[in-house]
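First comes the structure, then the notes that go with it.
Reminder, nothing fancy here: chain letters follow the sequence lines and each chain counts from 1.
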Amino acid sequence: MKLKALFKSIAAVALSSALLIGSSFAANHQANAEQMSGKIVIAGSTALLPLTQQAAKEFKKLNPKVKIVVSGTSSIAGPQSVSKGVATIGACDWDATRSVGGFKAYSDLKAYKIAKIPFAVIVNKDNPVNNLSIKQIQDIYAGKITNWKQVGGKDEEIVVVNRVKGSGTRVNFEDKILNGVDIKTSGDNYIEVGKSGDMVNKVKSNPNAIGFADLAYVKGDIKAVSINGVQASTANAASGKYVFYGYGYLLTKGEAKGVDKAFIDYMLSKKFQNGSLKKLKFIPVK
Amino acid sequence: MERLSNNLSKNTAQSFNLMRSQTKWTKTYVHNHLFRYLCVFSALFLGITLFSIVIFISKTGLLVFKDVSLSEFFFSTKWDPENGKYGAAVFIMGTIYLTAITLAIATPISLCIAIYIAEIAPNSLKNTMRSLLDLLVGIPSIVYGYLGSTILIPLIRKVTGATVGDGILAASLVLTIMILPTITRIADDAICSIPKELREASYALGSTKFQMITKVLLPAAKSGILTGIILGMTRALGETMAVVMVIGNVAQFGFNLITPTSVLTSNIVMQILNVDFDSTWNYALYMMAFLLLMMSMIFIILIRKMRPKGVK
């Protein structure tokens, strides 16, 4: 008999606790339902990838119900996939709503400026040249200056490394440095590479190479040259003294709505701009 | 009593077995047919996939000829899509040239290795060499490309005095290492499958080992070796990642071996991500992909035709 009573009481306790837990779960569930849910698909620039990935990680922590897929292929893929409806947010190293660098304007999109990106003209560490004027860089890429001797270096032929057409870094290089000067895209001393990493490898392995990349890539066996006597640094780019910088944009189809808007707002928040964004060597725009 | 029940259970078990075997038979029958349909479906699936790839690529590729004339695409060497110049001759010639040079280097070396493995090496070494070669086939091409761009290119710069080092020479050397195991293994198999009698007859007639190999073995294994060469060739044709890292990617002829140049595969992979979906530029790249597809298909058909009679 005693045993039965014990069972009864155990059962009662179990039932009530189950009810309690259940109701608390229900309450939890309700609280979650008030939070945002949805799916964000980000595609585009590889230069902005570290930034969007970091933002996605933090945003997911705050809003666990939101699914975020981040990928990076090339800048032009950003506006293209958004306009085709493959992605909800496109990342691009230029304002794709305008026609830039031979790419058409995507007028159905809306662009949000999220970061300033400092770039650098890079050479091998063994190269004694530390400073180049914009005119000299233009002449090197136009094929008028072909020997490092002509700009104060060793008596060696210059190997010009360029990014492939469509690279956001190249668009910014043409925009900020070349200023409409045509690049000589042939000859024994000219090569093109696909990605920023390949660019860095080429300049690393060739003592006579010149190229360009995000400032964040400059370390190890490559160095950034000063442009017009201004050192390549985030501080100088932030103040505008250093001219080789661009802006990173997020693009949405029409005005951003719902989770997309919340995500872009998060990236533009003071907390993110002055925190993770700075840490990743980008410059806040707010 | 015990025996009786034993017998009984045996009997029932037997009759059960009989019944079960009948149901089993129908079950097997169904399984058999289901499996057959599964196989047919799988084969069909592959066929449909291949067919749709060909249709899709050719359909998209042929759109290029709305804006570009046939003769410009195939014979003009001016590739400048931003200014409406779509001459793919540089890439087509580059691909043929690169493949030819690669084969010229790779074929003799792999033949020698194959002969060594099949005829000369002691048995213990044979098996090590074979597993080593199989291992080499499996190495991802990006690894070869990386080694090429970090080790081979500085070496080429040093030896030839070139300023860049990227070009046909670097690409063909990397490709050679990549297709070497393919050609070697197939040639090795072909040589090994030649009946012992031929070798013995040749020795009996007084030939040296060298004569036996060059006059008897190689001619007898000819079609197998050619299959190996063509398979290697298709791999060289289609290889992209390793090539793109060492070729320089400039739309100009690279006949002197150390001028940066570009081939069909490297040009496609460099540009395809960066073009508008519905542009002539995109169509031109698809047309190049279609050309590659056609080239490798022709080679595969050649292999089938070349097989000795009776082998299916």
Side-chain angles (χ1 to χ4, degrees), chain A residues 43-46 71-81 83-84 86 96 101-106 146-148 156-168 170-171 174 182-195 197-198 200-202 204-209 221, chain B residues 77-85 90 142 145-158 160-167 170 240-241 244-254 256-262 266-279 281-282:
Chain A
S45 160
T46 45
S71 70
T73 45
S74 69
S75 270
I76 185 66
Q80 264 182 19
S81 9
S83 132
K84 270 209 151 189
V86 187
F103 292 102
K104 69 173 187 197
Y106 287 81
T146 56
N147 196 310
W148 282 111
E156 299 275 4
E157 274 183 76
I158 300 176
V159 172
V160 174
V161 191
N162 197 1
R163 291 281 300 278
V164 68
K165 182 84 195 153
S167 137
R170 174 167 168 176
V171 166
E174 289 176 350
D182 276 334
I183 303 175
K184 181 173 172 250
T185 56
S186 61
D188 281 354
N189 298 331
Y190 174 82
I191 51 173
E192 279 182 21
V193 294
K195 300 210 163 70
D198 302 336
V200 170
N201 279 335
K202 280 287 177 237
K204 214 187 261 178
S205 66
N206 194 324
N208 300 315
D221 292 333
Chain B
T77 59
K78 200 151 174 52
W79 175 259
D80 187 8
E82 292 147 57
N83 301 316
K85 298 273 189 298
V90 167
I142 191 104
Y146 189 71
L147 292 178
S149 71
T150 51
I151 297 172
L152 186 66
I153 286 183
L155 190 74
I156 289 178
R157 267 206 306 270
K158 216 176 271 171
T160 63
T163 47
V164 176
D166 294 48
T240 311
M241 276 332 288
V244 84
M245 292 175 81
V246 295
I247 200 152
N249 306 303
V250 183
Q252 62 187 355
F253 281 123
N256 70 357
L257 298 179
I258 48 171
T259 297
T261 175
S262 199
S266 66
N267 191 58
I268 293 171
V269 79
M270 284 284 282
Q271 304 191 333
I272 195 77
L273 288 174
N274 302 322
V275 297
D276 287 319
F277 292 128
D278 44 3
S279 60
W281 192 348
N282 190 37

Test side-chain contact (heavy atoms from CB on, under 4.5 Å) on A:Asn189 and B:Val164 and set out the steps. CA-CA 6 Å; A:Asn189 298 331; B:Val164 176; 4.3 Å; yes
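The closest side-chain heavy-atom distance from A:Ile76 to B:Val275 is not below 4.5 Å. Residues A:Val164 and B:Asn249 are not in side-chain contact: their nearest non-hydrogen atoms beyond the backbone lie 4.5 Å or more apart. Between A:Glu192 and B:Pro260 the shortest side-chain heavy-atom distance does not fall below 4.5 Å.
Nearest heavy-atom pair across B:Met245 and A:Lys202 is O-NZ, 3.3 Å. Of all heavy-atom pairs between A:Lys104 and B:Asp278, the closest is NZ-OD1, 4.4 Å. Heavy-atom minimum distance, B:Leu273 versus A:Ser74: O-OG, 3.1 Å.
Proximity to chain A is limited to the side chain of B:Val250, based on heavy atoms less than 4.5 angstrom apart. Of the two parts of A:Asp188, the backbone and the side chain both hold a non-hydrogen atom closer than 4.5 Å to a non-hydrogen atom of chain B. With a 4.5 Å cut-off on non-hydrogen atoms, A:Thr185 touches chain B through its backbone but not through its side chain. At a 4.5 Å heavy-atom cutoff, A:Lys195 makes no contact with chain B through either its backbone or its side chain. A:Asn201 touches chain B through its side chain: at least one heavy atom from C-beta onward sits under 4.5 Å away, while N, CA, C and O do not. For chain A, no part of B:Trp79 is nearby; none of its heavy atoms comes within less than 4.5 Å. Only the side chain of B:Ile153 comes within contact range of chain A, judged by heavy atoms closer than 4.5 Å. Residue contact with chain B, scored on non-hydrogen atoms closer than 4.5 Å, involves the backbone of A:Val193 exclusively. Within the 4.5 angstrom heavy-atom criterion, only side-chain atoms of B:Tyr146, from C-beta onward, approach chain A.
When atom types are taken as modelled, the side chain of B:Gln252 and the backbone of A:Gly187 share a donor-acceptor pair closer than 3.5 angstrom. In terms of modelled atom types and a separation under 3.5 Å, the side chain of A:Asn206 and the main chain of B:Thr163 share a donor-acceptor contact.
Of the listed residues A:Ser167, A:Ser75, A:Ser186, the one with more heavy-atom pairs under 4.5 angstrom with chain B than any other is A:Ser186.
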